[in-house]
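Encoded as structure tokens, the structure appears first; notes follow it.
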Amino acid sequence: MTIRTSDEKVMNVISYIIVGLFALIAVVPFFIVLINSFASEHSIIYNGYSFWPKEFSLDAYHMVFQSPEKMFRAYGVTIFVTGFGTAVSLFLSMMAAYVMYRKDVRYRNALSFFLYFTTLFNGGLVPYYLLIVQNLHLKNTIFVLLLAGMFNVFNILILRNFLNGSLPDALVESAKIDGAGDFRIFWQIVIPLSKPAMAAIGMFTALGYWNDWWTPMMFIEKESLYPLQYTLYQILSSANFSSQMVNSIPRLDMPKESLKLALTMVATGPIVLLYPFVQKYFVQGITVGAVKG
Amino acid sequence: MATEANTAAKSVRNPKLDRKGSGFLKELARNKVLYLMFVPIALYFIVFNYIPMAGIVVAFKSFNYQQGMFGSPWIGLDNFEYFFSSGKAWLVTKNTFLYNSVFLAAYLFFSIIIAVLIAEMSGKIFKKTSQTLLFLPYFLSWVAVAAIVYNLFNYEYGLLNSILTGIGMDPIDIYSSTSYWYFILPFFYVWKWVGFGSVLYLSAIMGFDTSAYEAAKIDGANVFQRVRYLTIPLLKPTTIVLLLLGIGRIMRGEFDMFYQLIGNNGILMDATDIIDTLVFRSLIVSQDFGMASAGGLYQSVLCFVIIMIANGLVKRYDRDQALF
């Protein structure tokens with residue numbers, strides 16, 4: 001490295017302090033929930049939540065895993081919707097992006113405007129709700145969980161921008177001369193070369209599915225179809241959530257407050273453990289998307 | 001005529017030879033596989049976006065379930081009269097606009113600051129770690145964020161009140177006082193999004209030409225001057241695009257956040273009711289289709305007009321930075 005001058009040293013100190021402070025603020029609230037989920041109910045009732053509880057206990061987690069059917073079922077729904085929905089979304093989005101990337105498609109600009117216009121104007125909640133409930137009869141089906149957030153115009157346009165920027169037209173032309181059909185070019189050339197962009201956009205889509213609680217709140221009343229976040233919401237917002245959770249008569253010694261925290265941890269833990277490893281795909285996605293088109 | 005039929009026949013026989021043929025159908029025939037590949041997406045957006053656009057007629061109807069969205073009887077502007085005379089329209093418009101303006105300004109401001117500071121850091125490990133930590137809230141659902149906020153601020157056991165009583169002060173009842181939320185809501189908006197925003201700005205900074213910085217350094221500009229006169233001006237295009245996107249959504253409230261953090265808290269209602277929560281409540285809780293559809297259409301039209309004006313102004317001022 002070059003020799004640092006004094007003004008650069010000052011800047012460095014300022015950066016460390018301010019960014020460090022922000023980073024701390026970003027994680028401390030989550031840390032408080034984590035640490036208090038291990039606090040005994042007694043210490044929460046008498047001392048409230050704290051940075052470091054006086055009595056530790058695993059009661060709340062015991063309770064969660066005493067009858068875990070509900071949580072496991074919710075995990076099942078969420079994992080299925082996230083996995084299947086992301087795969088379908090990515091494949092079809094990529095295909096549309098490829099069509100708009102091909103220079104020999106004369107109406108490619110009209111097609112992208114057809115998509116872009118939906119971000120400028122929309123019909124609002126009421127027609128959307130009535131369409132799904134009354135016309136498509138998707139209420140209380142797994143399809144509404146899959147379809148409601150399946151495609152995002154910006155993601156499709158980002159994929160197209162990626163293709164425009166990184167796949168030369170000559171590649172397609174030479175494949176055509178070799179006699180490859182349009183779909184084959186897509187499947188055997190474009191898809192393998194687009195893996196970084198697809199990984200990034202796939203991650204955004206998957207996160208959207210994983211954290212979706214709005215769709216089930218609007219369209220799902222059947223408990224067996226509740227995904228993870230909505231189950232958590234239901235439990236946190238209902239007064240007698242603990243008996244709901246363990247399917248038993250509420251007991252007095254039930255760890256009520258710490259159970260809420262333990263459930264929050266069980267529902268969000270995996271993503272917090274996972275995200276440092278997939279973070280680079282999100283950064284990639286933001287970087288690709290930053291190129292306006 | 002004959003030649004046209006001839007070229008048409010030729011283009012069917014061998015589409016690759018014919019590049020000059022015109023006409024809508026010919027183009028479809030020539031690239032039929034490609035257009036077919038677009039069909040799933042086209043169908044999706046027709047069904048889930050364009051048909052609901054046609055469904056805005058419901059705002060001019062007296063909706064009933066038997067006759068449905070398109071069959072219910074027309075009532076002209078009654079729904080809008082009802083919506084605007086309810087006294088709610090102005091309140092939610094004001095709230096939506098003010099909250100979103102504060103959110104947008106705070107989000108851009110802190111994203112720029114953090115990105116600039118991270119870019120000037122020398123330690124690689126600290127740089128990486130702090131970015132990872134800043135990104136954590138982005139991955140949490142609003143349900144989890146609501147649980148976190150509740151744990152910090154609830155009256156009986158919340159962390160804030162255990163600290164306050166611990167040092168001998170009176171506890172504060174945050175959930176029944178509106179004034180705190182003018183600060184808490186923007187705070188958690190920035191908290192959740194600043195990791196994302198700073199990465200966005202950082203990727204822009206990484207793309208800057210380093211030779212300009214070298215030249216400035218040789219000319220004796222210190223690091224603060226380089227940030228002030230190089231980095232900040234160079235971030236202008238990114239900021240304009242983000243500002244435009246934000247302005248386009250300025251009447252579209254952060255429903256997830258407001259619904260999860262505030263919920264149906266009656267005390268906080270007037271201070272935190274936005275168009276989206278009003279429309280949602282009218283539709284789902286009170287089944288008031290008139291209010292919900294009028295409010296929804298009002299919001300859509302407002303959004304559309306604002307984005308068109310904003311984009312038009314940017315276009316006039318600097319064509320390259322317009323959205324479309």
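Sequence lines set the chain letters: A, B, ... in the order given, protein chains first and strands last, and positions in each chain run from 1. Note that these values count all heavy atoms, side chains included, but never hydrogens, waters or copies made by symmetry. The structure displayed is predicted, hence computed values, not measured ones.
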May I ask you to decide whether D104(A) forms a salt bridge with K176(A), counting only side-chain N to carboxylate O separations under 4.0 Å?
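Answer for the salt bridge query: yes.
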Under a 4.5 Å heavy-atom cutoff, which of [options] has the most pairs with chain B?
options: A26(A), G123(A), G124(A); value: A26(A)
options: F22(A), Y128(A), W213(A); value: W213(A)
options: G20(A), G181(A), A267(A), S15(A); value: S15(A)

Using non-hydrogen atoms and a 4.5 Å limit, figure out which bit of [X] sits close to chain B: side chain, backbone, both or neither.
X: L228(A); value: neither
X: T268(A); value: side chain
X: I132(A); value: side chain
X: N135(A); value: side chain
X: I32(A); value: side chain
X: A148(A); value: backbone
X: L111(A); value: both
X: Y116(A); value: side chain
X: Q229(A); value: both
X: M150(A); value: both
X: A96(A); value: both
X: F204(A); value: side chain
X: F151(A); value: both
X: Y107(A); value: both

Determine the option with the most heavy-atom pairs under 4.5 angstrom with chain A, choosing from F289(B), F280(B), Y35(B), W142(B).
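Most heavy-atom pairs within the cutoff with chain A belong to Y35(B).
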Pick whichever of A119(B), G296(B), S293(B) has the most heavy-atom pairs under 4.5 Å with chain A.
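Ranked by heavy-atom pairs under 4.5 Å with chain A, first place is S293(B).
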Kindly assign one of parallel, tilted or perpendicular to the pair F31(A) and W52(A), based on the angle between their ring planes and the thresholds 30° and 60°.
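The rings of F31(A) and W52(A) lie parallel, inter-plane angle below 30°.
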Classify the ring geometry between Y50(B) and F117(A) as parallel (under 30°), tilted (30 to 60°) or perpendicular (over 60°).
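Ring orientation, 0 to 90° scale: parallel.
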Is the [X]-[Y] ring centre distance short of 6.0 angstrom?
X: Y129(A); Y: F219(A); result: yes
X: F45(B); Y: F114(A); result: no
X: F139(B); Y: F196(B); result: no

